[in-house]
Amino acid sequence: MIEIPPGAYARPGTSLEFKTGSWRVERPVHQHRAAPCHAVCPAGEDAQAYLALVELGDLRGAWETIVAANPLPAITGRVCHHPCESACNRRHYDEEITIHGVERFLGDEAIRKDWRYPVAAPASDAPRMAVVGAGPAGLAAAYHLLRGGCHVTLIEALAVAGGTMRTAIPHYRLPPDVLDQELDRLLALPGIAFQPQTRLGRDVSLGELQSDFEGLFLGPGQRKGREWGADFAVPGDLQTGLQLLETWVAEGTIPHEARSVAIAGGGNTAVDLARVLRRQGVAQVHLITHQRIPAPDVPADDAMRATYRDVSQAVEEGVIIHEHRGVRRLILRGERVVGLELVHMKKLPGADGRLRRVAFDGTETVLHVDQVIPAIGQQVDPLGFEALVERGRLKVAPWWGSLQGHPGIFSGGDARGDHGTVSEAVGDGRRAALAMLRQHQGQTLEPSSAPEGIGYDELNVHYFDPAPAAREPVLPPEQRLGNEEIEGGLDARAVRHEAHRCLACGNCLACDNCWTLCPDQSVLKTRAIADDGSHYVFDYDYCKGCGICATECPTGYIRMVPD
Ligand SMILES: Cc1cc2nc3c(=O)[nH]c(=O)nc-3n(C[C@H](O)[C@H](O)[C@H](O)COP(=O)(O)OP(=O)(O)OC[C@H]3O[C@@H](n4cnc5c(N)ncnc54)[C@H](O)[C@@H]3O)c2cc1C
Ligand code: SF4
Ligand code: SF4
């Protein structure tokens with residue numbers, strides 16, 4: 001019997017004699033490319049990879065893929081501003097994939113089914129690392145150090161873990177039971193020694209941490225309010241936005257008498273406090289911001305720092321936003337505020353070309369309010385590590401988070417001053433942990449950056465059917481009265497639908513297009529997964545380099561390169 005090699009279509013002695021591969025000037029190669037959702041995720045999640053597993057029905061595998069990067073998916077699936085969706089290629093075709101909804105579903109499923117993090121306990125002689133602060137940055141650092149085989153001591157000033165996620169993010173966005181259940185499972189991992197009510201600078205010194213441990217991560221966040229006053233006047237009853245919001249989150253109510261309140265600021269604290277005061281029955285809540293409401297055509301440096309979702313929900317709930325305005329003067333009766341003088345503000349280039357915010361004289365208007373509350377941001381509370389703090393922040397190298405001028409100390413999250421979200425804090429903690437592990441092994445930290453995502457114009461979308469996105473239910477504004485969660489989750493069916501809609505950008509779909517359409521039958525299908533993770537290999541003896549496979553590949557996984 002004649003042996004026919006795999007992929008052969010004729011017997012030796014016939015056309016197989018003609019190795020048409022010699023005609024080629026270009027050859028196709030498989031090239032795994034990062035999907036844009038992966039490239040931009042601040043936490044480092046590979047959404048394409050877990051959507052593919054959801055599509056195969058492997059929910060646990062999908063969750064394990066997420067927690068290889070981010071141990072807090074039930075949380076980030078709720079609070080993340082999901083830049084992955086703004087970058088999703090499918091938005092150029094019909095609508096972006098509801099990635100955060102899938103992430104949240106998998107996080108909740110893991111809680112429901114009590115899936116354990118796939119992390120082994122460290123060996124007794126493993127390195128010992130210290131992490132300060134149990135916010136998302138510190139938690140992620142501790143988790144990834146444990147994944148890297150280290151013992152971790154996690155110290156936290158407060159009695160409970162969670163950082164700002166627990167003390168300030170309102171329950172209508174992040175219910176406390178979700179926070180508790182995700183964090184309890186994480187902190188129960190053998191190898192993490194959690195020490196609450198232990199404050200760096202009070203209960204333990206920086207020197208002790210440096211001498212007792214082989215690496216140190218600082219994730220103290222920004223817990224100290226900045227000083228505020230307008231034209232040197234400070235009202236006698238002044239409380240900061242964060243203080244009031246923390247009272248609401250802890251007690252579910254804020255004592256107040258005002259009928260009309262002005263909040264100065266455009267970040268999370270300002271917007272959430274405005275929404276909380278509306279829930280408390282304050283008739284008029286004004287938000288005064290130097291910036292503009294975030295929108296696709298508003299440059300990032302001129303947009304409010306709170307997310308578009310939260311700002312638009314605040315507007316739906318009746319918050320009045322005064323964009324490009326600043327408080328020029330407080331109008332006081334005795335020590336009490338009765339009004340504000342507002343002035344138009346805008347960013348203009350100065351003589352050195354740098355943009356600076358400028359107040360326009362002659363544009364002053366008066367706003368009558370009973371109370372003014374500053375919510376202009378916080379800074380690092382430096383007590384105990386003053387030498388490391390520079391202008392209210394810990395200055396770190398952008399990717400690995402090493403503290404400039406202090407080798408062996410790493411930091412990330414809000415403390416670095418240029419990050420202000422949970423997913424950024426998670427990503428900072430993860431990268432810093434990897435850096436600490438590398439440094440411990442004597443490796444150098446090469447400069448690195450996020451991968452570049454494959455563009456929409458590199459896909460062939462003719463093989464996909466239009467399908468509307470599944471969206472989570474949102475509570476109508478009139479029903480948002482207290483702490484009830486505003487956004488619901490996707491159900492299992494909607495999650496599968498989203499996974500099916502994913503274009504698998506830059507990755508093999510196993511769709512068989514290359515195998516069926518190659519005119520020379522030079523694409524061989526493999527039973528087992530090939531070395532590059534696909535199910536196909538090219539038979540370069542016969543591939544003429546026509547490029548049909550690359551053109552017809554829906555996901556941009558096949559590229560033609562010079563031979
Ligand atoms: C009102 C509000 C709403 C927000 N909403 C969102 C949102 O919807 N989505 C989003 O992504 N982000 C949101 N954020 C931002 C987000 O909460 C932060 O970016 C994130 O929590 C920062 O994480 P972190 O770990 O750097 O710091 P933190 O979460 O602040 O944690 C720092 C921890 O360190 C501890 N600590 C500080 N100093 C010491 C010390 N000396 N010794 C021991 N422990 C110490 C603190 O007690 C704290 O637990 C919001 C923030 C606020 C204020
Ligand atoms: S953490 Fe945020 S950006 Fe990353 S996948 Fe989840 S929702 Fe998207
Ligand atoms: S289509 Fe899928 S792989 Fe492509 S960017 Fe969107 S979620 Fe990511």
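As the structure lists them, so they are numbered: ligands from 1, and atoms in each ligand from 1. Fair warning: this is a prediction, and the values are worked out from it, not measured in the lab.
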Is [X] close enough to touch ligand 1? Criterion: a residue heavy atom under 4.0 Å from a ligand atom.
X    : result
D381 : no
G219 : yes
L273 : no
P136 : yes

Sequence neighbours excluded - ring-ring contact (aromatic ring centres under 6.0 Å, His included) pairs with any residue from residues 48-69: W63-W115, W63-Y117
What residue pairs, at least two apart or across chains, pass ring-ring contact (aromatic ring centres under 6.0 Å, His included) with a residue in residues 377-401?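 Pairs touching residues 377-401 that pass the test: none.
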Ligand-side contact atoms (ligand 2) for residue partner C80, heavy atom cut-off under 4.0 Å: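 The list of qualifying atoms is 1 (S), 2 (Fe), 3 (S), 7 (S).
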So the atoms of ligand 1 within less than 4.0 Å of a heavy atom of A137 turn out to be 25 (O), 26 (O)
If you have a sec, work out which protein heavy atom is nearest [atom] and how many Å separate them, to one decimal?
atom                    : result
atom 7 (S) of ligand 2  : E103 OE1, 3.1 Å
atom 5 (S) of ligand 2  : E45 OE1, 3.3 Å
atom 37 (C) of ligand 1 : P220 O, 3.2 Å
atom 11 (O) of ligand 1 : V422 N, 2.8 Å
atom 19 (O) of ligand 1 : D414 OD1, 2.7 Å
atom 31 (O) of ligand 1 : G135 CA, 3.4 Å
atom 48 (C) of ligand 1 : E156 OE1, 3.5 Å
atom 41 (N) of ligand 1 : L200 O, 3.1 Å
atom 53 (C) of ligand 1 : T269 OG1, 3.3 Å
atom 45 (C) of ligand 1 : A157 CB, 3.9 Å

For Q313, which residues count as a side chain to side chain contact (heavy atoms under 4.5 Å, CB included) partner, sequence neighbours excluded? R275, R309, D310, E316, E317, V474, R480, I486, E487
Establish, from distance only, whether the side-chain atoms of N70 and E45 form a donor-acceptor pair under 3.5 Å. yes
Mind checking whether A425 contacts ligand 1 via backbone (N, CA, C, O), side chain (CB onward), both or neither, at a 4.0 Å heavy-atom cut-off?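 For A425, the contact with ligand 1 is made by the side chain alone.
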For atom 3 (S) of ligand 2, state which one of G44, P83, S423, G101 supplies the nearest heavy atom.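 Minimum heavy-atom distance to atom 3 (S) of ligand 2 goes to P83.
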For a distance under 2.8 Å, give residue and atom name for each protein N, O or S atom next to atom 6 (Fe) of ligand 3.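 Sorted hits: C88 SG.
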